[in-house]
Peer 1: 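Below you will find the structure I want to go over with you.
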Protein chains: 2
Amino acid sequence: MASIKDVAQRAGVSTTTVSRVLSTPEAVRAPLREQVERAIAELAYRPNLAARRLRQRRASLVGLIVSDIRSAFFTDVGRAVEDVAYRHGLRLILCNSDEDPAKEQSYLELMADEQASGVILSPTMAGLKQLRPQAWPFPLVLVDRAMDTTRADRVVLDNQAAARRATEHLLDNGYRRIALLAGTHSTTGQQRHAGYAEALAACGLAPQPLWMDPTREAGERATAALLAGTDRPDALLATNGLLLLGALQAVQAAGLHPPRDIGIAGFDNNDWTSLPALDVTTIAQPTYDIGRTAAELLLQRMQEPERPARQVVLEGALVVRGSSAGPGRR
Amino acid sequence: MASIKDVAQRAGVSTTTVSRVLSTPEAVRAPLREQVERAIAELAYRPNLAARRLRQRRASLVGLIVSDIRSAFFTDVGRAVEDVAYRHGLRLILCNSDEDPAKEQSYLELMADEQASGVILSPTMAGLKQLRPQAWPFPLVLVDRAMDTTRADRVVLDNQAAARRATEHLLDNGYRRIALLAGTHSTTGQQRHAGYAEALAACGLAPQPLWMDPTREAGERATAALLAGTDRPDALLATNGLLLLGALQAVQAAGLHPPRDIGIAGFDNNDWTSLPALDVTTIAQPTYDIGRTAAELLLQRMQEPERPARQVVLEGALVVRGSSAGPGRR
DNA sequence: TTGAAAGCGTTACCAA
DNA sequence: TTGGTAACGCTTTCAA
């Protein structure tokens with residue numbers, strides 16, 4: 001591997017000059033610069049990142065730690081972050097905490113060890129509770145999940161409003177006994193519950209929330225139990241895509257047909273929800289905007305570490321499809 | 001940040017000894033070692049990875065470059081790779097090439113710049129064609145996609161056999177005019193086509209392959225055109241999950257009901273395929289095994305760089321569901 | 001505008 | 001078994 005020394009030798013200049021051509025080319029006179037650039041090309045020189053980091057005590061690298069890499073939500077967010085980061089000469093490292101606080105912690109430590117310039121994090125519930133953003137040697141931006149008390153920049157959906165709108169939509173279409181499948185382990189589940197409860201309260205109706213692990217299996221079990229019970233709901237709202245999938249599974253297994261037998265709506269506009277045979281009403285999140293905003297907040301904080309923390313709230317879009325068209329409708 | 005010097009000073013030993021405690025503790029006598037360990041704990045010392053890399057000229061880091069991070073296939077593979085890597089003290093960096101050869105190339109360069117110990121790659125078609133595994137400064141293991149001529153370790157599905165089995169299953173259930181939705185841009189599509197053609201040839205039937213971008217939209221368009229045409233097939237086989245989704249979209253939009261009006265089967269046992277309202281026959285890939293095997297091949301090659309390249313072929317499982325039960329069946 | 005030299009934190013070599 | 005010292009490749013003073 002050619003080093004900066006080899007380049008300097010070949011170009012007949014000092015290593016300082018080569019370094020300058022790499023970082024601030026305009027500070028080197030044209031003829032010399034071209035000489036150096038030629039040597040770089042001829043030797044196929046690539047700077048050693050480890051050496052650069054050691055010297056600069058900072059890596060041109062941002063981390064994105066997500067709780068579930070499988071969800072379309074986070075991959076879209078990741079794409080947006082990468083786009084912004086790349087334009088600013090920053091590399092992105094993607095980490096999947098898999099909803100495991102220990103893994104999350106371990107990745108944060110990895111980022112510290114790697115001297116990352118910044119980290120964007122969608123924390124687990126446990127991780128969020130004990131999170132001390134100031135304790136990390138890099139700026140931290142939270143996405144998707146955050147508490148009002150957290151002193152860090154954050155980008156979140158207006159979960160409460162989105163859930164309220166979805167619930168109102170079900171109410172408008174004639175459903176009255178609306179059950180909520182809500183995920184524990186996340187602030188989003190709680191906020192979505194709040195919006196749901198709010199909409200029902202405005203109509204003087206009783207909420208029927210069910211709390212569970214945010215998995216397909218839990219959603220299926222809870223829904224099956226609900227449908228087998230005496231006080232059967234006439235509509236279901238699921239607070240994320242996996243719970244929605246589980247709910248559909250149970251509804252279909254019970255031989256029920258939305259929207260007639262039961263209304264269905266849920267968060268996350270996953271690709272399969274638009275299949276005509278399912279045609280599920282969903283809340284679509286502005287995933288790309290969320291990621292882009294998070295990356296921009298991070299870059300700003302990197303430049304201005306002392307500015308006060310900001311929260312950006314984005315809106316979800318209700319995608320109305322057939323599954324919530326109203327009881328008795330085909 | 002405390003450095004190894006601070007630890008040495010506090011423990012009253014040389015930096016060499018501290019370094020040894022970190023890498024080969026058994027080479028340091030117990031009392032001294034404990035002294036050092038105490039100092040490390042008290043100072044909350046963390047080794048500087050950049051310095052370590054600069055010195056060792058190797059990062060304890062493996063890269064996984066996938067063509068589509070969204071697919072369950074690659075996230076499962078990633079989890080398996082991470083498990084194995086973690087057990088061997090290696091960090092995993094996940095990169096998404098998004099089927100873009102330029103991005104793939106750029107990530108390979110990133111891995112070289114980072115002095116990665118090894119890389120696992122699912123190459124794009126263009127990337128595979130011009131891939132020179134020996135040209136990279138790290139061992140390379142291919143997953144999912146590879147050519148027989150590629151001189152690198154590789155782990156692949158027996159795509160041809162899997163496609164043959166799926167086709168035979170459709171034939172066994174009475175379908176005769178079976179169309180194939182195959183993705184260009186990948187060797188898997190071609191191999192799956194071969195198995196499909198083989199099964200049809202054995203029955204003296206004509207293949208009806210359609211080549212397209214491996215996207216939902218392309219699958220939908222192609223299927224819609226197929227269904228609107230004169231020589232309408234009585235079954236469809238899709239070579240990946242997105243094409244399957246697109247095919248279902250078009251079939252349902254046309255008001256057709258599998259398995260009666262048309263048989264459906266496809267690769268990738270995605271979570272939504274088991275919904276009762278869809279109940280799609282699929283080929284499930286042993287994703288975790290694929291990832292684990294790839295990681296193991298990589299570790300072996302890191303230890304023994306000169307061993308000849310090996311190919312590991314794993315089998316897919318046909319998951320029979322209702323969508324292929326036979327024409328005229330409900 | 002250019003160059004010399006120091007130093008980032010670690011490990012590897014050699015000597016004790 | 002332990003320690004001194006050089007070196008990894010780069011950037012950043014500082015001086016010319």
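Scope of the values below: all heavy atoms of this structure, side chains included, with no hydrogens, waters or symmetry mates. Below, chain A is the first sequence line, B the second, and so on; all start at residue 1.
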Peer 1: Give every residue pair that meets the ring-ring contact (aromatic ring centres under 6.0 Å, His included) criterion with at least one member in residues 128-156 of chain B, sequence neighbours excluded.
Peer 2: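 Counting only pairs at least two positions apart or across chains, the ring-ring contact (aromatic ring centres under 6.0 Å, His included) contacts touching residues 128-156 of chain B are B/W136-B/F138.
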
Peer 1: Can you name the side chain to side chain contact (heavy atoms under 4.5 Å, CB included) partners of A/R57, sequence neighbours left out?
Peer 2: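 In terms of side chain to side chain contact (heavy atoms under 4.5 Å, CB included), with neighbours along the sequence ignored, A/R57 is linked to A/Q115.
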
Peer 1: For A/T16, which residues count as a side chain to side chain contact (heavy atoms under 4.5 Å, CB included) partner, sequence neighbours excluded?
Peer 2: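 In terms of side chain to side chain contact (heavy atoms under 4.5 Å, CB included), with neighbours along the sequence ignored, A/T16 is linked to A/S14, A/R20.
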
Peer 1: Specify the separation, in whole Å, of atom CD1 of B/I40 and atom C1' of C/dG9.
Peer 2: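 After rounding, the reported distance stands at 14 Å.
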
Peer 1: Given atom CD1 of B/I4 and atom C1' of C/dA12, what is their separation to the nearest angstrom?
Peer 2: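 Atom-to-atom, B/I4 to C/dA12, this comes out as 12 Å.
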
Peer 1: Can you sort out which residues in residues 41-55 of chain A have a heavy atom within less than 4.0 Å of DNA chain C? Ascending by number, please.
Peer 2: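 By residue number: A/L54, A/R55.
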
Peer 1: Applying side chain to side chain contact (heavy atoms under 4.5 Å, CB included), name anything that partners A/A294, two or more places apart in sequence or on another chain.
Peer 2: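 Only A/I120, A/V141, A/V143, A/V155 meet the side chain to side chain contact (heavy atoms under 4.5 Å, CB included) criterion with A/A294.
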
Peer 1: Can you give each donor-acceptor pair under 3.5 Å made by side-chain atoms of residues 127-135 of chain A, sequence neighbours left out, with the distance rounded to 0.1 Å?
Peer 2:
{"residue": "A/Q134", "atom": "NE2", "partner": "A/R151", "partner atom": "O", "Å": "3.0"}

Peer 1: Just to verify, what does B/R145 make a side chain to side chain donor-acceptor pair (under 3.5 Å) with, not counting sequence neighbours?
Peer 2: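 Here the qualifying residues are B/S67, B/E99.
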
Peer 1: Which ones in residues 15-33 of chain A lie close to DNA chain D, meaning a heavy atom under 4.0 Å from one of its atoms?
Peer 2: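 Contacts with DNA chain D under 4.0 Å: A/T16, A/S19.
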
Peer 1: State whether B/S3 places a side-chain N or O below 4.0 Å from either non-bridging phosphate oxygen (OP1 or OP2) of C/dG9.
Peer 2: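 Negative; the distance criterion is not met.
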
Peer 1: Looking only at heavy atoms, what is the nearest atom pair of A/D148 and A/R154, with distance?
Peer 2: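 Minimum heavy-atom separation between A/D148 and A/R154: O-NH2, 3.5 Å.
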
Peer 1: Among pairs that include at least one residue of residues 83-93 of chain A, which meet side chain to side chain donor-acceptor pair (under 3.5 Å), considering only residues two or more places apart or in two chains?
Peer 2: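 Of all non-adjacent pairs touching residues 83-93 of chain A, those that pass side chain to side chain donor-acceptor pair (under 3.5 Å) are A/D83-A/Y288.
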
Peer 1: Strictly by ring-ring contact (aromatic ring centres under 6.0 Å, His included), give each pair with a member in residues 38-64 of chain A just once, sequence neighbours left out.
Peer 2: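 Output for this query is empty, none listed.
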
Peer 1: Quick one: which residue pairs count as a side chain to side chain donor-acceptor pair (under 3.5 Å) with a foot in residues 21-34 of chain A, not counting sequence neighbours?
Peer 2: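 Matches after skipping sequence neighbours: none remain.
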
Peer 1: In whole Å, I'd like the distance from the CZ atom of B/R58 to the P atom of C/dA12.
Peer 2: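 That distance rounds to 14 Å.
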
Peer 1: Which nucleotide of DNA chain D is the first, and which the last, in the 5' to 3' direction, to come under 4.0 Å of a heavy atom belonging to chain B?
Peer 2: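 The contact span of chain B on DNA chain D goes from D/dT1 to D/dG9.
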
